[in-house]
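Start at 1 and go down the list; that is how both ligands and their atoms are numbered.
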Amino acid sequence: MPDLRLTENALHQRHGSNVGQPLTRRDGVLKVTGAAPFAADHRPPGLLHAVLATSTVARGRVVRLDRAAALAHPGVVEVMTPANRPPLAMDPDAKLNPFMFRIDVLQNDRVRYAGQPIAVVIAETLEAATEGAALLAPDYEVEPPRIGLDAEAPHVPPVVGPGHPAEVRHGDVEAGLAAAAHRVDLTIETPPQYHNAMEPHAVVAAWDGDRLTVDTPSQGLGMARMRLAGLFGIPLDNILIRSPFLGGGFGSKGFLTGPQILGVLAARLVGRPVKLVLRREQMYGPTGHRAPTRQRLRIGTDAEGRLTALEHRAKVATSSFDEFYEPAADASHALYASPAIVTAHEGVRNDTGTPLFMRAPGEATGSIALESAIDEAAAAAGMDPLAFRLANYAEVEPITGKPFSSKALRACYDRGAEAFGWAGRPLEPRSMRDQDGFLVGWGVGTALFPALMFQGEARAVIAADGRGRMEIGAHDMGQGAWTALAQVAADSLGLDLDAVEFRSGRSDLPDAGIAGGSAHTATAGMAIHNAGAAVIARLADLATADDRSPLYGAGNAGVVARGGRLHRRDDESRSEAYAEILARAGLAEIDARGQAAMDPAAQAAYAMHAHGAVFAEVKVDPELGQVRCTRLVGAFAAGRIVNPRLARSQLLGGMIWGLGFALHEEALTDPRTGRIVNANLAEYRVPVNADLPYLEALTVPEEDRIVNALGIKGVGELGITGSAGAIANAIRHATGIRPRRFPVRIEDLIGL
Ligand code: MOS
């Protein structure tokens, strides 16, 4: 692969600082001209094509495969089954940490879910491999599949989500409910959903002895490299993963999946480079998904409409062989100020692939249930749903007592309500119609997402010509990391964007942590910021200690970096260019590393979240029950916005996920076979432009000095959290009917 060159664009003029400018994507032209290499674009010499054969049953054993028929097909080179799969240095079912997910890589003849890989056919062409896979004609010993939330008796998960306790108790919920003037008891069901990144999981693997080069999309290059090193028993330095561009990830590319490892194993088996690309339907099983949930909320309020109790119980599905539990009930921990809060989770084992982090895992599912129940509590108290939220949002986190950025949340409510035109909303449901006779409803939902950071590192270089370079193995899933992180890099080096080379997207660069939890800009951004500051400090040391420099004696803190020069703070006219400093010191370049991590002291003292409020308008056909979301307006406070154009785009995307959650997305499973019947983008519905004629995301200025030195919070997942609930609540307002299962179905609204 040639070195990545980012597109230069006339809009990339620096006005003051780089951060805060609404630059277009620096890789935009590469993307639209097809010059940006995605994993499957790679064709090393001698490349073979691998195609998965996958199970059509959900539980049982493979008892026969016609390997000979596949091998006899012209072009087929090899068929990999459990019998000849190369050995691994570690058990793929081992779980040494909660993030080491069990994978199916032909370790035996067992079938644990429909769509599980059961063989890999490797051929000279994609067509031959595809035909070979079809010739395997497997026979199975079949056991009845366990599908759905009533498939078996529930158990209490050891932990939920990324390691949170399954149950949290604060105060006396029963007493709070008993003392309440109004009570709500609402059960909400959410469906299985699949990530459906536009780019399927793909891998091009090439071995050279025990050195391995892998082109594959990754949201977590450092962890992916460790996973390969562990599975294949080779040193980290022998592995290079290239992942400059991802066509979306949504969580499904956070960890290497079974099919990606199978591509590497296939290359090992045949001793030639191998490409393996999943077909769309093959992404409905081994690559993670969002588990279905059934959530029951009980809420009590006093005569003034203040919460007295909040109980949120979630039953969620997981797989038969691994642990991931959607932390849905955790959504009730921080947002509303109830004196008593209980959250609890139960798990049910299903014969499906293992669920995984997906687009605000827990926050999205939990928020839709919480916001629905809060809306019912407002109705029970006879209050406007926005006024009810204004009376009940937390000033301090109710369970921990930590200060909460409630001013920012309040600003979101005010700004969003004003932009939407909420004032004058009639309290009564079914009281608005448009000129065509459609029922009109307005709903609100609160958005909340934790402001997280992981550990990351970056390396900054200033070269003899005074130009800068920033190296970090960061991930651009399409969100714009190539642009936003380069903006942070340029500021950290005191240079124009054009004077900085930004190297990223490879595992041989410093580990940027995982691009998940909406924490990538904060994590990678802080590592970059610190690396830039460190290299500038080294440069300042050189200059200020040298009596030939105009900066001599200023001291490290006495200089400031700007425009490729160091200036004395006490006399800005005295300055020296980076290139001059390096030349006099006889250095070809100077470098430094910087790290990023969450500050545990700040974490212990403060609640850290990004906030928002989303307002929805729906129109419902009173005869046909068809719902259209006609307006969706969100106002969000997410700390410092590195690039307003890209941040808005992220927030709009999250709101569209919310629309999909409310009205479209659902994987339908045949309970008799355990097979997903709509495992394709024709029948797995996602929103399109016509589904949302008016969409706006506004950002509310917020300076948060506590989350990190740059004040960066995440915007990737925030938008989904308020939006689905706002739409559900608008449907309730339009029709008087509370949606209790998602996506909302016509048959639940018909007969109005
Ligand atoms: Mo995500 S589900 O944080 O990639």
Side-chain angles (χ1 to χ4, degrees), residues 98-99 101 160-164 190 192-201 216-224 227 243 245-257 260 283 287-291 293 316 318 324-328 330-331 353-368 447-456 473-481 484 505 512-525 598 608-610 638 647 650-651 653-658 660-661 665 712-721 723-724:
F99 299 110
F101 288 95
V160 298
H164 302 161
T190 66
Q193 300 172 340
Y194 281 73
H195 301 82
N196 275 303
M198 200 165 17
E199 176 206 23
H201 295 67
T216 199
S218 172
Q219 294 175 241
L221 283 163
M223 284 181 61
R227 187 69 163 133
S243 179
F245 300 106
L246 288 79
F250 310 124
S252 75
K253 293 167 183 168
F255 309 92
L256 283 180
T257 61
Q260 287 162 293
M283 297 169 68
T287 59
H289 66 283
R290 196 201 297 283
T293 77
V316 306
T318 194
F324 182 85
Y325 300 90
E326 175 90 2
D330 290 1
T354 303
L356 191 63
F357 301 95
M358 176 176 146
R359 302 189 222 140
E363 290 88 5
T365 39
S367 157
I368 198 168
L448 184 77
F449 198 85
L452 303 172
M453 277 179 74
F454 302 116
Q455 290 182 6
H475 317 86
D476 197 328
M477 296 178 279
Q479 81 278 40
I514 203 161
S518 300
H520 201 41
T521 310
T523 305
M598 203 109 185
M608 298 184 197
H609 302 275
Q650 287 283 282
L651 292 164
M655 293 167 75
I656 295 166
W657 297 345
F661 198 132
E665 276 196 67
I712 296 173
K713 301 178 177 183
V715 290
E717 292 157 289
L718 179 61
I720 191 175
T721 61
S723 301

Practice task
Output all residues satisfying salt bridge (Lys or Arg N to Asp or Glu O under 4.0 Å) with E717, sequence neighbours left out; order by chain, then residue number.
Solution key: none
Practice task
With sequence neighbours left out, write down each residue that passes side-chain contact (heavy atoms from CB on, under 4.5 Å) with A515, or none if nothing qualifies.
Solution key: Q219, H475, M477, H520
Problem - Over all atoms of both residues, closest heavy-atom pair of T721 and L448 - result: OG1-N, 3.0 Å
Inventory of protein N or O atoms under 3.5 Å from ligand 1 N or O:
from, atom 1, to, atom 2, distance (Å)
ligand 1, 3 (O), G517, N, 2.5
ligand 1, 3 (O), E717, OE1, 3.4
ligand 1, 3 (O), E717, OE2, 3.1
ligand 1, 4 (O), Q219, NE2, 2.8
ligand 1, 4 (O), G251, N, 3.0

Problem - Contact check, side chains of T365 and F661, non-hydrogen atoms, under 4.5 Å - result: yes
Exercise for the section: Indicate the atoms forming the closest heavy-atom contact of E199 with K253, along with that distance. Expected result: O-NZ, 2.7 Å
Exercise for the section: Go through the structure and list residues passing salt bridge (Lys or Arg N to Asp or Glu O under 4.0 Å) with K713, not counting sequence neighbours. Expected result: E702, D704
